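We use all heavy atoms of the structure for the numbers below, so side chains are in, but hydrogens, waters and symmetry mates are not. Given the structure is predicted, the values throughout are model-derived calculations rather than measurements.
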Amino acid sequence: MASLQAYSPIEGLVGTTGMNVKLKELNLFNFTLRGNPTNKKFVNAVEKIVGKLPLLPNSVSSSKGITVIWQSPDEWIIIGDYKKHSSVM
């Protein structure tokens, strides 16, 4: 049975091909939010924190440096800069 080995997807690019690759970790957070979009209290509470909540399929909104991506009728992905918005977490 073959064993699993960890590897880097950029292995071999640095130093052997002459390409310069610089990796930098971004301080982004992302999490999934689920709730009832017909519940006005839910929508108002979310919008106070992240801005406009997209309610149409395949829509996105950005406000206050936070991006909200519609995933399904009751699910969104929230993405933002952790250093600027640590209170959201």
Side-chain angles (χ1 to χ4, degrees):
M1 176 184 289
S3 64
L4 297 176
Q5 262 187 312
Y7 70 94
S8 169
I10 62 169
E11 188 175 340
L13 292 179
V14 179
T16 58
T17 64
M19 297 175 64
N20 292 321
V21 176
K22 181 178 179 180
L23 298 178
K24 179 180 176 183
E25 182 178 4
L26 300 176
N27 290 310
L28 297 178
F29 63 80
N30 69 68
F31 60 91
T32 300
L33 173 70
R34 297 202 71 170
N36 183 348
T38 62
N39 181 324
K40 291 187 187 294
K41 286 183 180 181
F42 167 76
V43 173
N44 289 337
V46 171
E47 289 185 345
K48 283 181 184 176
I49 298 168
V50 301
K52 181 76 175 140
L53 189 63
L55 300 175
L56 297 175
N58 303 314
S59 59
V60 176
S61 70
S62 284
S63 176
K64 306 174 189 176
I66 298 174
T67 301
V68 183
I69 304 169
W70 184 94
Q71 289 293 291
S72 71
D74 68 346
E75 184 175 356
W76 299 264
I77 294 179
I78 314 290
I79 302 170
D81 185 331
Y82 183 76
K83 287 183 179 180
K84 293 180 183 175
H85 302 290
S86 60
S87 63
V88 172
M89 299 301 290

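Here the side chains of I77 and V68 are not in contact, with every heavy-atom distance at 4.5 Å or above.
The distance from the CD atom of Q71 to the CD1 atom of I69 is 6.5 Å, given to the nearest 0.5 Å. Taken to the nearest 0.5 Å, the CD1 atom of I78 stands 7.5 Å off from the CD1 atom of I66. Taken to the nearest 0.5 Å, the OG1 atom of T32 stands 5.5 Å off from the CD atom of E75. Here OG1 of T67 is found 11.0 Å from CG of D81. Values are rounded to the nearest 0.5 Å.
Applying the side chain to side chain donor-acceptor pair (under 3.5 Å) rule to S72 yields the partners D74; only residues at least two apart in sequence or on another chain are considered. A search for side chain to side chain donor-acceptor pair (under 3.5 Å) contacts involving S61 returns nothing, not counting sequence neighbours.
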In residues 49-60, what donor-acceptor pairs under 3.5 Å come from side-chain atoms, sequence neighbours left out?
{"from": "S59", "atom 1": "OG", "to": "L56", "atom 2": "O", "distance (Å)": "2.5"}

Quiz: residues 38-45 side-chain donor-acceptor pairs under 3.5 angstrom, not counting sequence neighbours:
{"from": "T38", "atom 1": "OG1", "to": "N36", "atom 2": "OD1", "distance (Å)": "2.5"}
{"from": "T38", "atom 1": "OG1", "to": "N36", "atom 2": "ND2", "distance (Å)": "3.3"}
{"from": "N39", "atom 1": "OD1", "to": "K41", "atom 2": "N", "distance (Å)": "2.9"}
{"from": "N39", "atom 1": "OD1", "to": "F42", "atom 2": "N", "distance (Å)": "3.1"}
{"from": "N44", "atom 1": "ND2", "to": "K40", "atom 2": "O", "distance (Å)": "3.2"}

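Cluster membership for V46 and W76, using ILVMFWY side-chain heavy atoms within less than 4.5 angstrom, is shared.
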